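Okay, so here's the structure we're looking at.
The structure presented is a predicted model; accordingly, all values stated were derived computationally and were not measured.
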2 protein chains.
Amino acid sequence: MKNVTIQDIANEAQVSKSTVSRVLNSSSPVHPDKRRAILEVTQRLGFQPNVVARSLSKGRSMTIGALTQNIGSPFYDAISQGVITGLGDTGYSPIFVDGRWQPKIEVGAIKALLGRRVDGLILIGGTMPVDELNELCGDLPTIIVGRQVANTHCIYTDNIDGGYLATKLLIEHGHREIAFIRGIAHHPDVIDRFQGYKNALHEADIELNKSLVIDGDFTSESGVQAIETLESRKQSFTAVFAANDTTAFGARLALYRRNLRVPEDVSIVGFDDQAEAAFMAPPLTTIRQPARRMGTLASSALLGLIDGAPFQSQSFQGELKIRESVSRPSSSHQ
Amino acid sequence: MKNVTIQDIANEAQVSKSTVSRVLNSSSPVHPDKRRAILEVTQRLGFQPNVVARSLSKGRSMTIGALTQNIGSPFYDAISQGVITGLGDTGYSPIFVDGRWQPKIEVGAIKALLGRRVDGLILIGGTMPVDELNELCGDLPTIIVGRQVANTHCIYTDNIDGGYLATKLLIEHGHREIAFIRGIAHHPDVIDRFQGYKNALHEADIELNKSLVIDGDFTSESGVQAIETLESRKQSFTAVFAANDTTAFGARLALYRRNLRVPEDVSIVGFDDQAEAAFMAPPLTTIRQPARRMGTLASSALLGLIDGAPFQSQSFQGELKIRESVSRPSSSHQ
DNA sequence: TTGTACGCGTTATCAC
DNA sequence: GTGATAACGCGTACAA
């Protein structure tokens, strides 16, 4: 059951392998009779062109490398899914590697991709500085998703605006003591969302109260923890803006345990609009990032770059998804 | 900035390319001096071995194909993640393709993988009959995950037992009117979980009430819908067993909208133990499937198969994760 | 220990 | 329109 090659077909059809190659790629005209014969044999033998050999010969591997950070984050996962579907049946296939948010592993992973002669790179999240990246990848077509980096092709969400939108919504509902559970403090997305939070506060003449700002790590556990921290500080609050939906879920659970109702006692806004957000009880008001679309856009943009088309970095505005986790504050508690 | 080859190194280091190849693979001893020189040049030129060429030469592509069904299901996603991490830095990289639960697309996707001369296959879910699979893949090492197929190497969960465990827990708490929101009725997992449900009922001398069994499609929407169907049927129930956690979330939301408390008025058990289950309010009691572990096991098992090691199909028992969504029924409602 | 020569399966460049 | 023949980059018998 060995793999059949174009040479086998050539023998069987009594032609040279060049002719076989020609009909298979319709690269130049071939006599109809031979053509038919070749096609028939190809079918009969169940020939599958060897992509590896083709890659070597053409200098194009028809693969694109995708670097994820495997944070287990629904957001990044959704982007990855978008990449897979976006590549669909373009002939390109994605190879996934995992950087685990660790620069050293990330470098190794990219090198592995380079060794496979990928035709392009999609970097999903990640921490590598751009100059180091250029050093590593030279002029390999690259799209960065979910991260804003100057002088690169990237696709990202406007996190400042998102943070602003979320906070402003709460302010408009009459909240003034708005806790912010941010993720890892030095994460660029977090910095921006925090900036948006501060901007909205400033605009409403509400002074920033640092004891309303709790660090977290994007997990639900950190959401639970954050509420506990607030309570232990005896910090009163009527609303929570969580760095992402996952965190919001944790916060919602902690509130539930304390018999605080959402939204009557405490309002919550999340970030991402991950699949489960719409089915939280109550459904979570959140800032939607079009993760899957960002993934599909990344792959089509990358294919464009490979073909020499230009690409302008694109930012998406977070979209406020108003559901049921926000209302006017009844009376501040604690 | 063209790619440097072993020939370049050979020229630079004044040796033949075979010698270069030897030190790079330490396939046979080389004089220390030359060895050092070659290594130095390799470093200096930033040489990256061309995996494509190596694949062609050795007949091993060092890639494994992963077929997902991209159902967006947390369960299958987690398996995929497990596959990626399981491959880690083994030198093998995964190529992902998407079958979308459509047999025709699935065949095409597998053919694409075959064309890339993957050294092995990991099938995550999927619908293809085993004989068709053999027809297609011949004796290519293959692991099937999340599906039980005779005469193959597969890794799956015992869904009958899982369904039984979930139902029995509810029965033990005194429930007798237990709704079952099953997924797509003909899905093999669903059939098994349903069997487990019936077994537990039978064991407790509870007659199967068909109007307590609602079809769904594994989505949260279908969970909402199922509760509405039950209500419209005026079917009383004190507990719900959902085909998966995602469905359970929807059910929980529908209950919330009807001011039915969980678990005081209605108990819920899910299936999967996806990440969000532990942070539902209240935390969801569910049957845990070790999805990530199944993924990592799949990759290590596959590498084993490739190296000629045997593999015995492995089933995991679903693990009952008792949390807070189940209690004794107070009084049946409706 | 080292170099030469060939093969892996395809595409591309020649002549005819 | 067609068939040799040389790449593509690497591994590896074989000979030296």
Side-chain angles (χ1 to χ4, degrees), chain A residues 1-39 41-42 45-63 91 111-119, chain B residues 1-39 41-42 45-63 91 111-119:
Chain A
M1 183 65 123
K2 76 179 263 299
N3 281 320
V4 23
T5 73
I6 55 170
Q7 183 63 60
D8 299 332
I9 298 181
N11 298 338
E12 191 78 8
Q14 316 268 30
V15 294
S16 79
K17 59 177 182 171
S18 343
T19 306
V20 177
S21 175
R22 281 190 262 266
V23 318
L24 260 31
N25 301 295
S26 31
S27 45
S28 64
V30 168
H31 188 90
D33 286 354
K34 301 199 173 182
R35 176 186 174 70
R36 206 170 6 252
I38 289 171
L39 253 26
V41 177
T42 301
L45 268 48
F47 170 76
Q48 274 287 58
N50 184 328
V51 180
V52 177
R54 179 177 295 182
S55 299
L56 184 59
S57 177
K58 303 197 31 158
R60 282 185 143 212
S61 65
M62 299 302 284
T63 62
K111 279 190 178 168
L113 255 18
L114 259 29
R116 290 180 178 280
R117 297 296 187 269
V118 293
D119 296 330
Chain B
M1 183 68 119
K2 77 179 264 299
N3 280 320
V4 23
T5 73
I6 55 171
Q7 182 64 270
D8 298 334
I9 298 181
N11 297 339
E12 190 77 9
Q14 317 267 31
V15 294
S16 79
K17 59 176 185 169
S18 13
T19 306
V20 177
S21 174
R22 282 191 260 266
V23 318
L24 259 31
N25 302 295
S26 33
S27 45
S28 63
V30 168
H31 189 89
D33 286 354
K34 301 198 172 183
R35 177 186 173 70
R36 206 171 7 251
I38 291 172
L39 252 26
V41 176
T42 301
L45 269 47
F47 170 76
Q48 274 288 58
N50 184 327
V51 180
V52 177
R54 178 178 295 179
S55 300
L56 184 59
S57 174
K58 302 199 31 160
R60 284 186 141 208
S61 66
M62 297 304 283
T63 62
K111 280 190 178 168
L113 255 17
L114 260 28
R116 289 180 178 280
R117 297 296 187 270
V118 294
D119 297 329

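Separation of atoms CG (A/L45) and CD1 (A/I9) is listed at 6.5 Å; rounding is to 0.5 Å.
Put simply, the side chain of A/R35 and the base of D/dG1 share no donor and acceptor less than 3.5 Å apart. Residue-to-nucleotide contacts include no donor-acceptor pair under 3.5 Å from the side chain of B/S27 to the base of D/dG11. Looking at B/R117, its side chain has no donor and acceptor atom pair within 3.5 Å of the base of C/dG9. One cannot find a donor-acceptor pair under 3.5 Å joining the base of C/dT10 and the side-chain atoms of A/S55. One can find a donor-acceptor pair under 3.5 Å joining the base of D/dA4 and the side-chain atoms of A/S18.
Straight-line distance from the CZ atom of B/R22 to the P atom of D/dG11: 11 Å, rounded to whole Å.
Consecutive Watson-Crick or G-U pairing (both distances under 3.5 Å) extending over three or more pairs maps onto DNA chain D as C:1-16 with D:1-16.
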Verdict with supporting geometry, A/R117 and B/Q48, side-chain contact (heavy atoms from CB on, under 4.5 Å): CA-CA 10 Å; A/R117 297 296 187 269; B/Q48 274 288 58; 4.3 Å; yes
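B/T19 comes within 4.0 angstrom of sugar-phosphate atoms only, judged by non-hydrogen atoms across all strands, and of no base. Counting non-hydrogen atoms under 4.0 angstrom, A/K17 reaches a base of the nucleic acid.
For the side-chain contact (heavy atoms from CB on, under 4.5 Å) with A/S21, the qualifying choice from A/T19, A/V23, A/N25, A/L24 is A/N25, the only one to do so.
Nearest nucleotide to the A/L56 side chain, out of C/dG9, D/dG11, C/dT2: C/dG9.
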